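Here is the structure we will look at.
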Amino acid sequence: MYGYKMVEQVTRKKKPGSGALKAVMIIFGVLFVLMGIMFSRGFMLPGFLLVGLYFVYDIFSQRAYEYTLEGVNFTISVIMGRRYRREAHVLNLQELEVIAPNWHESVGKYRRKGGTVKLPKYDYTSYDDDIPYYTMIIMEGKRKIKILLDLNQEMLHAIKSVYPDKVFFA
């Protein structure tokens, strides 16, 4: 595991009403601009604002996540609108407590309903019902966090080869 780098990219599924919302914003934006040309220039500002809002919504509604495993470092990057990237977490796997499917008893005490321990939760899954997601409990800095991930089998096996008692499969 120390001699190579593994990268996995997960694309978040679009929400059901996002396409209709984009269409409504474009229609009203064009309608207000046309009304500004034909009737009064006062309609142009809302039209241009709606068009600008469309582009901002388009950037922030498209999300992808990139998981990078390099040695004992696990990095999660957020990619918005297929253009803007930021690193959300850089984690040291030596501080890993557990990686398990969401239904596994090893992460049972960290569940939202029925769990006894409350942790800050970060969701980096695709929201696809066919892909099982895993819960990672790890220390980041001085606090323990809970991260939801769509890890592939290759990355899970690589982590399990180094930390066999901390990784559980679906």
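Just so it is clear, the model here is predicted, and its values are computed rather than measured.
Rounding to the nearest 0.5 Å places CE of Met25 at 7.5 Å from OH of Tyr54. If you take CD1 on Ile159 and CD on Glu154, they are separated by 11.0 Å, rounding to the nearest 0.5 Å. Expressed to the nearest 0.5 Å, how far CG of Leu91 lies from CD of Glu140 amounts to 5.5 Å. Here OH of Tyr122 is found 13.0 Å from NZ of Lys146. Values are rounded to the nearest 0.5 Å. Here the OH-CG distance, from Tyr133 to Leu149, works out to 11.5 Å after rounding to the nearest 0.5 Å. Summarising the geometry, atom CG belonging to Asp123 is positioned 10.5 Å from atom CD1 belonging to Ile147; distances are rounded to the nearest 0.5 Å.
Formation of a donor-acceptor pair under 3.5 Å by the Lys14 side chain with backbone atoms of Gln62 is not found in this model. Using modelled atom types, one side-chain atom of Lys166 and one backbone atom of Leu96 make a donor-acceptor pair closer than 3.5 Å. Under a 3.5 Å cut-off, the side chain of Lys160 and the backbone N or O of Val167 do form a donor-acceptor pair. Proximity of a side-chain donor or acceptor of Ser61 to a complementary backbone N or O of Tyr57 within less than 3.5 Å is detected. A donor-acceptor distance shorter than 3.5 angstrom exists from the side chain of Glu8 to the backbone of Asn152, with no hydrogens or angles considered.
With no hydrogens or angles considered, no side-chain donor-acceptor pair links Thr125 and Asp150 at under 3.5 Å.
Counted within 6.0 Å of NZ on Lys118, heavy atoms from surrounding residues, nucleotides or ligands total more than 12; the atom is thus considered enclosed. The environment of NZ in Lys13 is crowded: more than 12 heavy-atom neighbours from other residues, nucleotides or ligands sit within 6.0 Å. By the 6.0 Å contact criterion, CZ on Arg111 is enclosed, its count of non-hydrogen atoms from other residues, nucleotides or ligands being greater than 12.
Within the 6.0 Å centre-distance limit, the rings of His157 and Phe169 are counted as a close aromatic pair. Note: Tyr124 and His89 meet the aromatic proximity criterion, with ring centroids under 6.0 Å apart.
Criterion: ILVMFWY side-chain heavy atoms under 4.5 Å apart, direct or through other members. Under it, Met136 and Phe168 are not part of a common hydrophobic cluster. Following chains of ILVMFWY side-chain contacts shorter than 4.5 Å, one can reach Phe60 starting from Val78, so the two form part of one hydrophobic cluster. Val51 and Leu49 fall into different hydrophobic clusters, defined by Ile, Leu, Val, Met, Phe, Trp and Tyr side-chain heavy atoms under 4.5 Å apart, directly or through other members. Using a 4.5 Å cut-off between side-chain heavy atoms of Ile, Leu, Val, Met, Phe, Trp and Tyr, with links allowed through other members, Leu31 and Leu50 fall into the same hydrophobic cluster. Following chains of ILVMFWY side-chain contacts shorter than 4.5 Å, one cannot reach Tyr110 starting from Trp103, and the two form parts of different hydrophobic clusters.
Proximity of Thr135 to Ile137: side-chain heavy atoms (C-beta onward) are separated by under 4.5 Å at one or more points. In this structure, Phe55 and Ile59 have side chains that are not in contact, with every pair of non-hydrogen atoms separated by 4.5 Å or more. The side-chain heavy atoms of Tyr163 and Leu93, taken from C-beta on, include a pair separated by under 4.5 Å. For the pair Ile145 and Arg143, the minimum side-chain heavy-atom distance is below 4.5 Å. Between Val98 and Ile138, the closest side-chain pair of non-hydrogen atoms is not below 4.5 Å. Under the 4.5 Å side-chain criterion, counting only non-hydrogen atoms from C-beta, Ile79 is not in contact with Arg63. When side chains are defined from C-beta on, Glu70 does not count as touching Thr75, because their heavy atoms never get closer than 4.5 Å. Using a 4.5 Å cut-off on side-chain heavy atoms (C-beta onward), Thr68 and Lys5 make contact.
In this structure, Arg12 fails the cation-pi test against Tyr65, since its NZ or CZ atom is not both closer than 6.0 Å to the six-membered ring centre and inside 45 degrees of the ring normal.
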Exercise for review: Assess whether side-chain contact (heavy atoms from CB on, under 4.5 Å) is satisfied between Lys22 and Asp58, documenting all intermediate values.
Suggested key: CA-CA 8 Å; Lys22 285 182 181 180; Asp58 186 44; 2.8 Å; yes
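Scanning all heavy atoms of the two residues, the minimum distance from Ser126 to Val10 falls at CB-CG1, 3.5 Å. For the residue pair Ser18 and Lys15, the shortest heavy atom distance occurs at OG-O, 3.1 Å. Residue Ile99 comes nearest to Tyr134 through the heavy atom pair CG2-CB, 4.2 Å, listed as atom of the first residue, atom of the second, then distance. Closest heavy-atom contact between Val107 and Ala100: CG1-CB, 4.1 Å.
Checked for salt-bridge contact, Glu97 and Lys144 meet the test: a charged N lies under 4.0 Å from a carboxylate O.
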